[in-house]
Structures are given as C-alpha cells and as structure tokens.
Amino acid sequence: AVDMADQVIARGTDPQVRALAQRMRDAQLEEIARMTAVRAELTRSPEVPPPPPDPHAEADMAAMRDLSGLELDRRFLREMIPHHSGALPVAHRAEPRLGREDMRALARSIYAD
C-alpha cells in the first residue's frame, strides 16, 4: 500500500486521490513502525522477517509503474479499496483479543481510519 501510494503521490492527477494516498501512506508508515517496535520488544530482536512473495502484488506494482495521471488514480483506488476493506475485519476481530492496550488502540485506529 505504501509503494502504491508513493506512485500516486508522484504521478497521480486528481488532488483528492493524491491527498488520500498521502494520508494512507502516513498512517500505514506509522502503523508499521508501531508494530515493528512491539514485535522487537516481544521477540527481543530488531529483525523483521521479509514478507512472503506475493506475485499478485508484484504484478500490480509493475502495472502501476507504467501508468500515470487519471489511469494511475483509478488503478490505485481499484487496488486500495479491497486492500483496506480486508483489513477492517482483521482489526475488528483482533481488537478484543489483543493482550496489550497499545495494540488494541492500534486495531481501533486501523478500524477508525
């Protein structure tokens, strides 16, 4: 999502879509930093394993690199709507089960955002 937002911020056309991409990028980077810090605390290791390969996401990114303007804005929205919709039930289900208040707060903020 961060990489896709970067593409729109750099080459998108619609000011509303670019502003949305910027807000999404900022929120996701903050969420990643918070989760990384908690993971390091819990595992006593600063290392974060790399994400598993995702051929679908890699193909989406490759396609987005060739787009600009309105086509890029549309593709970004088409990809981000299901991406973020998928995060909502995960955050909603996780929130009451998480043992740490900071992680429950993160789940609530993901859901609220």
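If you read the sequence from its start, that first residue is 1, and numbering goes on from there.
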Given the rule that I, L, V, M, F, W and Y join up when any side-chain heavy atoms are under 4.5 Å apart, are [X] and [Y] in one cluster?
| X | Y | result |
| --- | --- | --- |
| L88 | L106 | no |
| L98 | I110 | yes |
| L67 | M61 | yes |
| L20 | Y111 | no |
| M4 | L77 | yes |

| request: Over all heavy atoms of both residues, which pair between G12 and R18 is shortest? Give the atoms and the distance, please. | output: O-CD, 3.4 Å
| remark: In terms of heavy-atom contacts, T13 and G69 come closest through OG1-CA, 2.6 Å
| request: Could you please spell out the steps behind the side-chain contact (heavy atoms from CB on, under 4.5 Å) verdict for E41 and R100? | output: CA-CA 12 Å; E41 180 184 326; R100 294 175 57 121; 3.0 Å; yes
How long is the gap from [atom1] on [X] to [atom2] on [Y], to the nearest 0.5 Å?
| X | Y | atom1 | atom2 | answer |
| --- | --- | --- | --- | --- |
| T36 | E47 | OG1 | CD | 12.5 Å |
| S45 | R39 | OG | CZ | 6.5 Å |
| H56 | D60 | NE2 | CG | 4.0 Å |
| Q22 | D6 | CD | CG | 8.5 Å |

| Is Q16 atom CD crowded by more than 12 heavy atoms from other residues, nucleotides or ligands, each under 6.0 Å away? | no
| query | Any chance NE2 of H92 has more than 12 other-residue heavy atoms, nucleotides or ligands included, within less than 6.0 Å? | reply | no
| field | E30/R25 under salt bridge (Lys or Arg N to Asp or Glu O under 4.0 Å): CA gap, chis, key distance, verdict | value | CA-CA 9 Å; E30 182 180 329; R25 180 186 189 283; over 6 Å; no
| salt bridge (Lys or Arg N to Asp or Glu O under 4.0 Å) evaluation trace for E31 with R34 | CA-CA 5 Å; E31 292 164 6; R34 288 170 67 188; over 6 Å; no
| said: Looking only at the side chains, is there a donor atom on one of H84 and Q28 sitting less than 3.5 Å from an acceptor on the other? | reply: yes
| query | Is a donor on one side and an acceptor on the other found under 3.5 Å between the side chain of D73 and the backbone of D14? | reply | yes
| said: Treating R44 as the side-chain partner and A40 as the backbone partner, does any N or O pair qualify as donor plus acceptor under 3.5 Å? | reply: no
| query | When you check the gap from the basic side-chain N to the acidic O, do R104 and E95 get nearer than 4.0 Å? | reply | no
| message | Contact between F76 and M24 at the side-chain level, heavy atoms closer than 4.5 Å - yes or no? | response | yes
| query | Side chains of R75 and E79: closer than 4.5 Å at any heavy-atom pair? | reply | yes
